[in-house]
Engineer: 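Can you read through this structure? Questions will come right after.
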Amino acid sequence: ILEKEGVEYLHIDVMDGMFVPNISLGLPVIKSLRKETEALFDVHLMIEEPGRYIDDFAEAGADLITLHAEATKHLHRAIQQVKAKGLKVGVALNPATPLSALDYVVAINPGTPVSQLECVLDLVDMVLIMTVNPGYGGQSYIAKMDDKIKELRAIINEKGLDIDIEVDGGISAKNVAHVKECGANVFVAGSAVFNGDIASSAKDILEAMEA
Ligand code: ZN
């Protein structure tokens, strides 16, 4: 249904009951969904130390894997693991996590000149700004996140990077145009789509997005 309405990504929330209190679907469900659709699988890992499972999610059919900066002690390594699988990689930030989590400088090789050091932002295809605290559906968009999205868009533009800004949490037909104006370009809608007629809800959001 959603593919027909022009939805490009299937955003799949994976929760482990540790990083977030809730537990949600895992590998077997993703594997069986993969057989049903050609949609891009955008797998949002809300799990502790996601590096442990990257190979498994890649095998299950993920196209893009998003890791939480807060969930791993080795963000750079986990990003490299996703890239090594040939997949796109995203980094997610909880509402309370500052954008500076994307600044950490990474040495490519020992002896790399300072001017050539990369930061996390240089390595990712997408940044996911959580616009609610992760763990449960049906929460309201945190208005303060407007500033964070605007600031990130300004940084990306200034650096001339080609990085998507995805927003997740409380997105509906009512606020999607506003959030787009702040600088986001990938929108996750959960409750707003699935608590009602799926096709018409998705259509409403897509129309509001284009308006
Ligand atoms: Zn999500």
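Counting from 1, the numbers follow the sequence of the chain as shown. One-based numbering, in listed order, for ligands and for the atoms of each.
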Engineer: Determine which of the N, O or S atoms in D168 is closest to the Zn ion (ligand 1) and give its atom name.
Structural biologist: OD2
Engineer: Restricting to N, O or S atoms, which atom of D13 is closest to the Zn ion (ligand 1)?
Structural biologist: OD1
Engineer: Among R52, E49, R77, exactly one meets side chain to side chain donor-acceptor pair (under 3.5 Å) together with T72. Which residue is that?
Structural biologist: E49
Engineer: Crowded around K88 NZ? As in, over 12 foreign heavy atoms under 6.0 Å?
Structural biologist: no
Engineer: Report yes if some heavy atom in the side chain of T66 is under 4.5 Å from a heavy atom in the side chain of L45; otherwise report no.
Structural biologist: no
Engineer: Given atoms ND1 of H44 and NE2 of H11, what angle do they subtend at the Zn ion (ligand 1), to the nearest 10 degrees?
Structural biologist: 100°
Engineer: Find out whether K180 and F187 are in side-chain contact, i.e. whether some heavy atom of one side chain is under 4.5 Å from a heavy atom of the other.
Structural biologist: yes
